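None of these values were measured; they are calculated from a predicted model. Numbering of ligands and ligand atoms starts at 1, following listing order.
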Amino acid sequence: MGHSPADIANVLAELSAATTVFTDPDLLHGYRRDEADLCDAGTPLAVVRPSSTAEVSAIVKVAAAYRIPLVPQGARTGLAGAANASDGAIVVSMTAMDRILEIDAENRLAVVQPGVVTARLAAAVAESGLSYPPDPGSWESSTIGGNVSTNAGGMCCVKYGVTSAYVLGLEVVLADGEVLRCGRRTAKGVAGYDVARLFVGAEGTLGIITEITVALRAAAEPGLTLAAVFPTVAAAGAAVTAIVTAGCTPSMLELIDRTHLAAIEAYRPMGLSSAGSAPPVALLLAAVDTGPRAPDDIARLAGLCAAAGASETYTASDAQEAAALLAARRLAHPAMERLASSMYGDGGALIIDDVAVPVSRLAQMIEGTEKISAEAGIAVGIIGHAGDGNLHPIIVIDRRDAATVDTGRRVFDSILALGLSLGGTVTGEHGVGLLKRDWLATELGPVGLRVHHAIKTALDPHHLMNPGKVIADA
Ligand SMILES: Cc1cc2nc3c(=O)[nH]c(=O)nc-3n(C[C@H](O)[C@H](O)[C@H](O)COP(=O)(O)OP(=O)(O)OC[C@H]3O[C@@H](n4cnc5c(N)ncnc54)[C@H](O)[C@@H]3O)c2cc1C
């Protein structure tokens, strides 16, 4: 809907009466997009930074009165364009609502505002001898609000579960500005529909989350870490299947391929790509929690890796060495960005895919991805939370060269089609956003899509909450 200059002036005046508003063009530009490449982004009318639920409610009421779309944002580390602004929208940056309101050690829960950075919450609860396990690779910058809204996963989720497993209760500002409190503070509770869960992974399309109650666990001491070197990526995939099938419960099971190993080594030399007597084609990183069984558990993982074809296995000798292996894994993203620049200069870019398949189909998924990449003649690195069947094929393109961009997009689509054909899903953890909207429709089918539209319209009748993300506007 077009707005007159007088309307726009009124909107800005009413917003300014309610909260902190920015309209400086340079600042607006900086809030246009998240970390996903190749997704459309518009220029917002304004960026607002509320500091309380009451301010968020007032903002939403102004937007509802003038029918102006709202785009909630956390730290904009998202990889699906879900936090991208659209032209004329109000961007609601939640980063100023960053207080840890309560850590209740007795009941093992914490109450936080959405702008709290994930690693800060983990560190704060650790001081009480507890842990908040979800650990996305971006945890030093991503926010809990963003994590809840994307249902983020991470490295330890193979054992401890993804963000949704920890969300007990939420406070949400609905599309008309009303404040909903849903969920609970108890370990159990089945009163009514599980409304809180509906907002987990909704990518800001159903409301703006203003408070989150998360469950905590007892802290686990660092255990033992294993690196296993494989002659093929598919053999590493087969090892993952064998480990899961055998009923082992590693606290980490990550796959890193040759492309990533070389990129990490070039970014920060750590000796990873020279692990073993021959350069590894793939590396599995596995960990088990501490305890009397840890040496047996890690030996069992090493045995299963060897049986699946690992040429060498290596157990970190101390916590420092284990931390170094983990740090190398966390460098994968900047290292691949550097690789793209070294290949294509300023045009170097990454299309980051995210697909999850049943663990029994992991080796097939990897072999198929390698075939797709070879046939297209384009570099695709494979990394992922393999224990969850969750792979991130990373496609390296030159954004200035339409041919590589086209090929990259085709490869991206082929990988998702392969994932679905193997009984998988088009996103394991990064979400749908703009990037995978059409693929979500394929995965859901007409009935599933209709149910999604019905839920959206029931909670947001004028489609003002992050419109066009996840599902297309009807
Ligand atoms: C280097 C790197 C590594 C990564 N590793 C992982 C990983 O291991 N696992 C993983 O799952 N993801 C990973 N990601 C993706 C990303 O970090 C996650 O999706 C994260 O949860 C996004 O958090 P954010 O605060 O940046 O949210 P944003 O990107 O700002 O927003 C994400 C979505 O949440 C919505 N949103 C944000 N705050 C609110 C709120 N308060 N209320 C309602 N909606 C809201 C936005 O509208 C958007 O739809 C990685 C990203 C990078 C760059």
Using a strict 4.0 Å cut-off to heavy atoms of [X], name the atoms of ligand 1 that fall inside it.
{"X": "Glu203", "value": "47 (O), 49 (O)"}
{"X": "Gly78", "value": "16 (C), 26 (O), 29 (O)"}
{"X": "Arg76", "value": "26 (O), 28 (P), 29 (O), 30 (O)"}
{"X": "His333", "value": "1 (C)"}
{"X": "Gly74", "value": "25 (O), 28 (P), 30 (O), 37 (C), 38 (N)"}
{"X": "Thr150", "value": "19 (O), 20 (C), 21 (O), 32 (C), 33 (C)"}
{"X": "Thr143", "value": "24 (P), 25 (O)"}
{"X": "Gly207", "value": "43 (C)"}

Residue, atom and distance of the protein heavy atom nearest atom 35 (C) of ligand 1 read Ser149 CB, 3.6 Å
Look at atom 27 (O) of ligand 1 and say which protein heavy atom is nearest, naming residue and atom and giving the distance to 0.1 Å. Gly146 CA, 3.5 Å
By salt bridge (Lys or Arg N to Asp or Glu O under 4.0 Å), Asp194 pairs with (sequence neighbours left out) Arg197
Quick one: does [X] get an N or O within less than 3.5 Å of an N or O on ligand 1?
{"X": "Thr77", "answer": "yes"}
{"X": "Asp135", "answer": "no"}
{"X": "Glu35", "answer": "no"}
{"X": "Ile209", "answer": "yes"}

Considering only NZ, NE, NH1 and NH2 on the basic side and carboxylate oxygens on the acidic side, decide whether [X] and [Y] come within less than 4.0 Å.
{"X": "Arg33", "Y": "Asp40", "result": "no"}
{"X": "Arg437", "Y": "Asp473", "result": "no"}
{"X": "Glu203", "Y": "Lys469", "result": "no"}
{"X": "Glu211", "Y": "Arg181", "result": "yes"}
{"X": "Asp176", "Y": "Lys61", "result": "no"}
{"X": "Asp346", "Y": "Arg400", "result": "no"}

Honestly, is Arg217 close enough over Tyr160, meaning NZ or CZ under 6.0 Å from the six-membered ring centre and within 45° of the axis? no
Does CZ in Arg268 sit with more than 12 non-hydrogen atoms of other residues, nucleotides or ligands closer than 6.0 Å? no
From [atom], work out which of [options] has a heavy atom at the shortest distance.
{"atom": "atom 21 (O) of ligand 1", "options": "Val91, Asn147, Val71", "result": "Asn147"}
{"atom": "atom 11 (O) of ligand 1", "options": "Pro136, Ala80, Gly153", "result": "Gly153"}
{"atom": "atom 48 (C) of ligand 1", "options": "Ala82, Pro114, Gly137, Gly145", "result": "Ala82"}
{"atom": "atom 46 (C) of ligand 1", "options": "Ala75, Pro72, Gly204, Gly81", "result": "Pro72"}
{"atom": "atom 10 (C) of ligand 1", "options": "Glu337, Met465, Glu429", "result": "Glu429"}

Proximity to ligand 1 by part of [X], non-hydrogen separation under 4.0 Å:
{"X": "Val148", "value": "neither"}
{"X": "Met94", "value": "side chain"}
{"X": "His430", "value": "side chain"}

So, 4.0 Å and heavy atoms of [X]: is ligand 1 close enough to count as a contact?
{"X": "Lys469", "value": "no"}
{"X": "Gly433", "value": "no"}
{"X": "His385", "value": "yes"}

Quick one, Val396 and Val380 - any side-chain contact, counting heavy atoms below 4.5 Å? no
Using the ring of each side chain (for Trp, its six-membered ring), is His392 parallel, tilted or perpendicular to His385, with breaks at 30° and 60°? perpendicular
Below 30° counts as parallel, above 60° as perpendicular, anything between as tilted: where do the rings of Tyr132 and Tyr166 land? perpendicular
Scan Leu261, Asp257, Ile256 and name whichever one has a side chain to side chain contact (heavy atoms under 4.5 Å, CB included) with Thr259. Asp257
Identified side chain to side chain contact (heavy atoms under 4.5 Å, CB included) partner of Leu206 from the options Asp460, Asn466, Leu459: Leu459
